Amino acid sequence: MSHAGLIDRYRDRLPFALDDPVITLHEGSTPLVPAPALSERAGCEVWLKLEGANPTGSFKDRGMTCAVSDAVRGGAEAVICASTGNTAASLAAYAARAGIRGAVIVPEGKIATGKLAQALMHGARVIALRGNFDEALALVRELTQRHPIALVNSVNPFRLEGQKTAAFEVAEDMGPTRPIDALCIPVGNAGNVTAYWKGFCELGLRPRMLGFQAAGAAPLVLGRRVDRPETVASAIRIGNPARWEEAMAAVTGSAGAIEAVSDEQILDAYRFLAAREGVFCEPGSAASVAGLLAHGAGDAQRVVCVLTGHGLKDPQTALEQSGSVVPCEPTLDAVERAVLA
Ligand code: F0G
């Protein structure tokens, strides 16, 4: 069945009436693919939820269709967010689609190239803050107190409403008789883990929520704010998550856990997924798989790892982590040698 986006697909479970304006790029309905090589390595049955298949290449589109539709319904002429990159790209696309202004505040020099290109191409005002994500979010929260600009970070409840639909899709794809036992998910600002848990709870399901943070940006693991978060996974380089309490409630309520994974473990999972599963995600997304491999999923037999963003978002890290090209003269001999070597 084809859908005109997730508001259309799940309107009965979302805060939108039939005659409300809908800003959509037909997001959602992403693939849930089995991962045989990973399953063997992890010792359980693993599926990958490919959120990079959303229109702007990340799960953010789920929340953004709802947040921007609500902003338009309320008469907003501009939307804004702080972002490590993906929210910025998604905001920019949906603002363009809606015909309203978009502004994004990103940490200078710390967002992946693809995300920056997206935000700029869609015509958002891109502000490079000489500071980190946490500072950007604090500033943008203050700014929106003063000016009539809609804040569409995941502090906006409509973002979570949209993102919870990924849990609905996982549940539908697995079928009612054999639900999943655990969900592995990267955690940054902690909106997504909160949203999945909300979605599963609405269905009466209770899979274990296993959230993973990068070791250099792991406030929820340490139980305290991290003032200078650092990780190769720029998407989740966050030291003071906005949805801190909600994320911990999801973990506690599901008998789950929040654990840290090193950059090395993240990059290992990143390369493994690309080379062995044919799935190219961005480093931040690979934290879910790195976490499963490093910490296991307890006695869970059926596990879904959420791959939150597409690998093309961050070509720089990909090139640094992969083999080099083979230079070749334009003769048959040379090509033969190059190919068969
Ligand atoms: N994975 C990717 C690819 C992300 O971009 C993010 C967050 C996360 C995971 C973590 O999700 O914040 O809900 O816990 N990116 C935000 C952004 C912060 O600005 O794009 P979360």
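Below, all heavy atoms of this structure are taken into account, side chains as well, without hydrogens, waters or symmetry copies. First listed ligand is number 1; within each ligand, the first listed atom is number 1. Everything numeric in this text was worked out from a predicted model, so none of it was measured. Along the sequence shown, residues are numbered consecutively beginning with 1.
By the salt bridge (Lys or Arg N to Asp or Glu O under 4.0 Å) test, R9 pairs with E169, E172, sequence neighbours left out. Taking F272 as the reference, nothing meets the ring pair (Phe, Tyr, Trp, His ring centres under 6.0 Å) condition, with sequence neighbours excluded.
Under 4.0 Å from any atom of ligand 1, one finds heavy atoms of residues F59, K60, S83, T84, G85, N86, T87, P186, V187, G188, N189, A190, G191, N192, A235, I236, I238, E282, S285, T308.
Between the R62 side chain and the L6 main chain, no donor and acceptor come within less than 3.5 Å of each other. Listed for the Q213 side chain is a donor-acceptor partner under 3.5 Å among the backbone atoms of L220.
Within the structure, the salt bridge (Lys or Arg N to Asp or Glu O under 4.0 Å) test picks out the following pairs touching residues 32-42 (sequence neighbours left out): R41-D268.
Annotation for L32 and V170: closest pair CD2-O, 4.4 Å, computed over non-hydrogen atoms.
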